[in-house]
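Read through the structure below, which is laid out as structure tokens, and then see the notes.
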Amino acid sequence: MTRDETAPTATDRVEDLLADLTIGEKLDLIHGAPDPEGVATGYVPSIDRPGVPSLRLVDGPLGVRPESGSATAFPASISLAASWNPSLAGQVGTAIAREARAYDQDVLLAPGVNIARVPHGGRNFEYYGEDPQLASRLAAEYVEGVQSAGVMATVKHFVANNQETDRYDVSATVSERALREIYLPAFRAAVESDVAAVMTAYNRVNGIHMSDHHRLLTEVLKGEWGFQGFVMSDWWGTESTVEAARAGLDLEMPGVPFEETAAAEAVPEGIDPATIPFPDTLPAMHEGGLFGDPLSEALDAGDVDEATIDEKVRRLCRTMDRFGLLDRQGDSRTGRTERSNRSDRSERSPGDGSDGELDTSAHRDLAHRAAREGAVLLKNDDGTLPLGEEETIALCGPNADRAKLGGGGSSEVTPFAQVSPAEGLRERAGDLTFERGMVPITGSSLFDAFAPDEGDDERNGRGESSSDGPESGSDHETALENAITAAEAADCAVVVVQDDTTESEDRSELRLSGAQDDLVSRVAGAAERTIVVCRTNGPIEMSWLDDVDALLQTWYPGQADGEALAAMLYGDTDPGGRLPITFGRVAADYPTASEEAFPGVDGEARYDEGVFVGYRYFDYEGTEPLFPFGHGLSYTDFEHGDPVVEPTGHGDTEVEVTVPVRNVGDRPGSEVVQVYVGEDDPALSRPERELKGFAKVHLEPGERQEASVTLDREAFSYYDPNDGWTVSPGTFTIAVGRSSRDIRGETSIETERE
Ligand code: BGC
């Protein structure tokens, strides 16, 4: 096809626009402002004369979070990661993007792809676990899913935002090799999927705030990786004017003080948003505007040149053009816009081209399916699960009558409907008694600080506001006794436990809060069989593990919590997940056990473990995990044949690994074939084995399929700070199995000097 030489190219169009804009207009385009509609998380106003429409940005990874309004609450990202099903992540991304379009939003502030370095991480639920390969695959498909619906995706938080404690200031002291091998790959995968935007992290990396980090923003992200989109700051996360402008930050968000944002409208009457005493755990939210007047002054003073500003506007407009936004007709300030041309101009086909849709039955079903695919059956002694329809159930747990939607903070979603474990199981169980067993847990949220006197309300939609449950010590004893009595009388006890995490805080310890451990032990002591359902953002210490018969990890399952739980407990479907993060026995098992490593000393968190994060560290130390990375049982059994490795013909290091898998049980189920690579005698210290590919296959009873995984050159490489990605000549073991510690077959290949 030859291009019509007379038709304007996207580049011409953006260059014409740049030539038309005044410097004042350009400066206005690169920072946020209040959203006149009070819906968006962030807003960049239109410049009407030359025709640049407004840009509306909305959270977040688990579903859309308009300042007021509801949306489908999908399972947390850690649950998506546990599905080991990248295509599912793509479908969820598309659904969330359609809901964002229903709210007339242009940019989704998702996915979050930071690596779960610290098991306590308060936002681990918003991310894809501890492994770069798994996180990269999920990130890539989520981004493509979002963008296929015509919405820009934003990969965040770039980079090394691996803890919440001191997040605005802490400096990650991290080697180049660990950055490249562990922390950067998921961002790079998003860039390779043409992600529209990158959000900088609040923290510093090797002493430099990420919004000021020229090397990572300009040299690595835009230079080496060829990122074509725009870089925005995290909210109130712009550190400076001149440094940030020169470093490659393109858009300051939200660009205004808290009191001018749509979020301020939710502050209860009688409280002046401008005087809320935000704690140190939040950024300087009464400020904002480092790219406004200060940048104009820096320009006048010659500290920043106009070409630098032009490049930011160019990136923004180029991306808007790619998504068809420059074709928007009508008054973009009022939101009464037409998007009829949008699909014509988009680089990608924007899904079905229709406008958004909200709370459809397809989205509800997807939320349900995703919750099941991400749940991990950690333990199932003597076929305790699935339950029989006729068994009598004692359901316990402080909040088992509420769906666990997510953690606190910017990812909170308020669903239209939700199903709690109590509701879901009551639908299925012949005879169910619900005894809470203890005082309900009240969640805290980053947003509590926004409304100091009303922190504990239903606004955040986590479904965890204080309930009318028992409050005093003696009520607690009574509740526990009632639970024990119910457990004794029933065939089986189901205890639903949970943690309570929020953005801006890390978990203070890995044990369950309050009296939950005691509740599990006491119920397990009384019941004939006990099933524990863990709704946590990651590993917990389980003093009671040996006393319980089955354990199902459901993370934060979202609005379909109870429905999905019932479907799994009664065996309508297999819990389809595998762990995306190692479950250690105790916090001391992890590489972040010292204060220097986490949360850091004097503003510095030392990543001295280098590339030995998660299972790489457990293998290095020879520590037996409680449940290894990749672990997850099924209601059926699988048999793996020997892996066969064949060259694909693209260089000596690109090979295809094929493994026959058979379902040898009598139920359908999904198996995740995991391919790990390790160098036998590495010249430098390398992990014993690293996940380099995986394939999920669904098998009917007796069915056999060949799972195949392609390993490219990078699967064998390490990052050398001087030479870049390097493959040593030598022998590599390719280990294929059900988890990082359950290897079913091995083979080896030789690599040659390049
Ligand atoms: C979070 C971001 C979020 C932004 C806007 C920040 O607190 O770190 O992930 O997108 O707020 O709500």
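Atoms within a ligand are numbered from 1 in the order they appear, just like the ligands themselves.
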Look at [atom] and say which protein heavy atom is nearest, naming residue and atom and giving the distance to 0.1 Å.
| atom | result |
| --- | --- |
| atom 7 (O) of ligand 1 | Glu503 OE2, 2.6 Å |
| atom 2 (C) of ligand 1 | Asp234 OD1, 3.3 Å |
| atom 12 (O) of ligand 1 | Asp59 OD2, 2.5 Å |

(message) Both conditions, 6.0 Å and 45 degrees, for the charged tip of Lys222 above the ring of Phe227: are they met here?
(response) no
Atom indices of ligand 1 within 4.0 angstrom of [X] heavy atoms, with elements:
| X | result |
| --- | --- |
| Arg167 | 7 (O), 8 (O) |
| Thr41 | 5 (C), 12 (O) |
| Trp235 | 4 (C), 5 (C), 11 (O) |
| Arg123 | 1 (C), 2 (C), 8 (O), 9 (O) |
| Arg65 | 12 (O) |
| Leu109 | 10 (O) |
| Lys156 | 2 (C), 3 (C), 9 (O), 10 (O) |
| His157 | 2 (C), 8 (O), 9 (O) |

(message) Does the residue Trp236 have a heavy-atom contact with ligand 1, meaning some pair of atoms that are separated by less than 4.0 Å?
(response)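 Checking ligand 1 against Trp236, which is what was asked, there is no heavy-atom contact under 4.0 Å.
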(request) Could you tell me if any non-hydrogen atom of Met232 lies under 4.0 Å from any atom of ligand 1? (result)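 Contact check Met232 vs ligand 1: negative.
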(message) Counting the benzene-type ring for Trp, do Tyr590 and Phe598 have ring centres under 6.0 Å apart?
(response) no
(message) Between His157 and Tyr202, is the ring centroid distance below 6.0 Å?
(response) no
(message) Please identify which of these residues, Glu181, Arg180, Arg188, meets the side-chain contact (heavy atoms from CB on, under 4.5 Å) condition with Leu184.
(response) Arg180
(request) Give the minimum heavy-atom separation between Asn114 and Ala160, together with the two atoms involved. (result) ND2-N, 4.0 Å
(message) Any salt bridge linking Asp499 with Arg507? Criterion: basic side-chain nitrogen under 4.0 Å from a carboxylate oxygen.
(response) yes
(message) Salt bridge or not between Arg364 and Asp359? Use side-chain N to carboxylate O under 4.0 Å.
(response)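 A salt bridge links Arg364 with Asp359.
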(message) Does Asp602, at its CG atom, have more than 12 non-hydrogen atoms belonging to other residues, nucleotides or ligands within less than 6.0 Å?
(response) no
(message) For ligand 1, which is the ligand I care about here, please tell me if Glu126 has any N or O atom under 3.5 Å from one of the ligand's N or O atoms.
(response)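 Looking only at distances, the answer is no, because the N/O contact criterion of under 3.5 Å is not met.
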(message) I'd like to know if the side chain of Glu252 reaches the main chain of Leu290, judged simply by a donor and an acceptor atom lying under 3.5 Å from each other, with no hydrogens or angles considered.
(response) yes
